Amino acid sequence: MGILFLLYVITLYAVDSLPSILFIQVWFRTFPKYYDMCLLGILHNPTIDLLLITDRDPDIPFRPPNMKIIKMNQSDLCRHTQNLLNVTLCEKDTFSHVNALRPTYGYIFPHFIRGYDWWGHLDLDVLLGDVRHFLKPDILNASDTLTADTTRMAGPFSIFKNTPRVNMVFQHIKPTYKLMVPQKMRKIYGLPMFPRTFQMDEGPITKAIRANNLVLATFEGFAPREEYTIWFEGQLYGYRDGVLKTYIVQHNSPKISPTWKITNSTKFIIINWRKKAFEQCFDCFKHKTGIKNVGNKLFH
């Protein structure tokens, strides 16, 4: 009994000592068809939290216990963001601004990230693998920012260390972010024309991070969208050129329409990207994992 209790205490300590992570999603549109898949990934990563800020009740079949929902309408978010950042926002296109302003979340939402070691942004159309397998404490302790892309901070999956210096690095983004109004609205209101593709996340925030000598950790975290993606009980596998590897996230494509319903008991998902080499991919999966009977299969 004494040894079992000691092992239990050690396990609890190991979980409590992990750097805490909060992902933030802001959404004011109809929820995408793949959102159930995102929630399934969150469910299988109980040591990370998800905060959804939205103005509507999401039509979801289940809600992971590590998910929080905050109700906020577009007007309130526009007013709050404009006051803090001194930017001009067009309320009719808040969605574009929300994505563009993701690097500012640590500054505009300090009350939500309080108590967390890391915060990040996550697209709604992603499928997560085992996040902690990749975001190990030694990597996080040695980094200021981290992304699943090999070259830059990626919109679908990136995290920031919750420190004042990192949370304010967006202020060094050039060109200026003081005017962020969609091009079609600029024409209507006679405003100066700015680059249509300008945004703060991804390329611009990456340059600011490196210019300020912050440590950016990058790795090949996105599963390839080439042949098959396999998700099994929280583990994500990508199959390409006859090789099966584990990944942290799959960014899905709007071109694929799921014909099955995901629930909190779903254990197995295969996403077919090219409709070929299925048997070879599945045999490779079984050989790599040693799993012969996956049960509850979902195929696309």
Side-chain angles (χ1 to χ4, degrees), residues 21-32 35 38 49-60 63 67-116 118-125 145 153 155-205 208-209:
I21 302 173
L22 173 70
F23 282 102
I24 300 175
Q25 295 175 332
V26 184
W27 197 260
F28 297 118
R29 292 182 171 184
T30 301
F31 282 83
Y35 194 45
C38 176
D49 290 337
L50 172 67
L51 172 65
L52 172 65
I53 300 173
T54 184
D55 61 347
R56 62 189 70 193
D57 295 317
D59 182 19
I60 54 179
R63 177 174 169 178
M67 175 187 183
K68 307 172 188 176
I69 299 178
I70 298 292
K71 285 296 187 69
M72 182 184 298
N73 60 44
Q74 297 186 52
S75 298
D76 290 341
L77 179 63
C78 268
R79 186 163 50 250
H80 173 70
T81 304
Q82 289 181 155
N83 291 339
L84 281 177
L85 299 179
N86 189 27
V87 297
T88 301
L89 299 180
C90 174
E91 192 173 315
K92 292 184 178 180
D93 200 41
T94 305
F95 172 76
S96 298
H97 304 320
V98 164
N99 279 340
L101 294 174
R102 282 188 287 199
T104 72
Y105 286 178
Y107 176 67
I108 65 177
F109 298 135
H111 44 302
F112 294 147
I113 67 171
R114 186 175 296 119
Y116 285 92
W118 289 76
W119 62 270
H121 45 78
L122 191 72
D123 276 5
L124 276 71
D125 57 350
T145 57
M153 295 291 280
F157 187 103
S158 289
I159 61 174
F160 300 73
K161 185 168 285 183
N162 188 10
T163 66
R165 185 184 176 206
V166 174
N167 291 346
M168 299 298 290
V169 71
F170 71 89
Q171 291 188 326
H172 299 277
I173 290 178
K174 297 179 181 180
T176 179
Y177 61 88
K178 295 252 175 129
L179 182 61
M180 299 186 65
V181 180
Q183 189 161 323
K184 60 183 178 182
M185 299 305 296
R186 296 189 194 113
K187 292 180 180 179
I188 294 175
Y189 293 109
L191 298 172
M193 300 301 290
F194 285 74
R196 185 187 183 103
T197 58
F198 173 71
Q199 57 186 26
M200 294 183 69
D201 65 341
E202 298 193 333
I205 189 62
I209 288 168

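Quick caveat, the model's predicted, so the values are computed rather than measured.
Taken to the nearest 0.5 Å, the CG atom of Asn83 stands 11.5 Å off from the CD1 atom of Ile108. Ile21 contributes atom CD1, which lies 11.0 Å from atom CG of Leu122 (distance to the nearest 0.5 angstrom). From Met153, atom CE reaches atom CD1 of Ile159 across 8.0 Å, with rounding to the nearest 0.5 Å. Between the CD1 atom of Ile205 and the OG atom of Ser158 there is a distance of 9.5 Å, given to the nearest 0.5 Å. Rounding to the nearest 0.5 Å places CD1 of Ile69 at 10.0 Å from CD of Gln25. Atom OG1 in Thr54 sits 10.5 Å away from atom CG in Asn73 (nearest 0.5 Å).
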Original post:
Taking it one step at a time, do Phe160 and His121 satisfy side chain to side chain contact (heavy atoms under 4.5 Å, CB included)?
Top reply: CA-CA 9 Å; Phe160 300 73; His121 45 78; 3.7 Å; yes
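Phe109 is linked by a ring-ring contact (aromatic ring centres under 6.0 Å, His included) to Tyr105, Phe112, counting only residues two or more places apart in sequence or in another chain. Partners of Asp123 under the salt bridge (Lys or Arg N to Asp or Glu O under 4.0 Å) rule, at least two apart in sequence or in another chain, are Arg102. Under the side-chain hydrogen bond (donor to acceptor under 3.5 Å, both in side chains) criterion, Asn167 pairs with Trp119, Asn162, sequence neighbours left out. With sequence neighbours left out, the side-chain contact (heavy atoms from CB on, under 4.5 Å) criterion links Lys71 to Asp57. Judged as a ring-ring contact (aromatic ring centres under 6.0 Å, His included), and not counting sequence neighbours, Trp118 has no contacts. Judged as a salt bridge (Lys or Arg N to Asp or Glu O under 4.0 Å), and not counting sequence neighbours, the contacts of Asp76 are Arg79.
In terms of heavy-atom proximity, Phe28 sits nearest to Met72 at CE2-O, 3.0 Å. Considering all non-hydrogen atoms of both residues, His172 and Met168 come closest at CD2-O, 4.2 Å. Here the closest heavy-atom approach between residue Ile173 and residue Ala208 is recorded as CG1-CB, 3.9 Å. Considering every non-hydrogen atom in both Lys68 and Arg63, the closest pair reads CA-NH2, 3.9 Å. When all heavy atoms of Leu101 and Thr104 are compared, the closest pair comes out as O-OG1, 2.6 Å.
Within the 4.5 Å cutoff, the side chain of Pro156 has heavy atoms near those of the Glu202 side chain. Between Trp27 and Leu124 the shortest side-chain heavy-atom distance falls below 4.5 Å. For the pair Ile24 and Ile113, the minimum side-chain heavy-atom distance is below 4.5 Å. Inter-residue side-chain proximity for Tyr116 and Arg114 is flagged as unmet; no heavy-atom pair is nearer than 4.5 Å.
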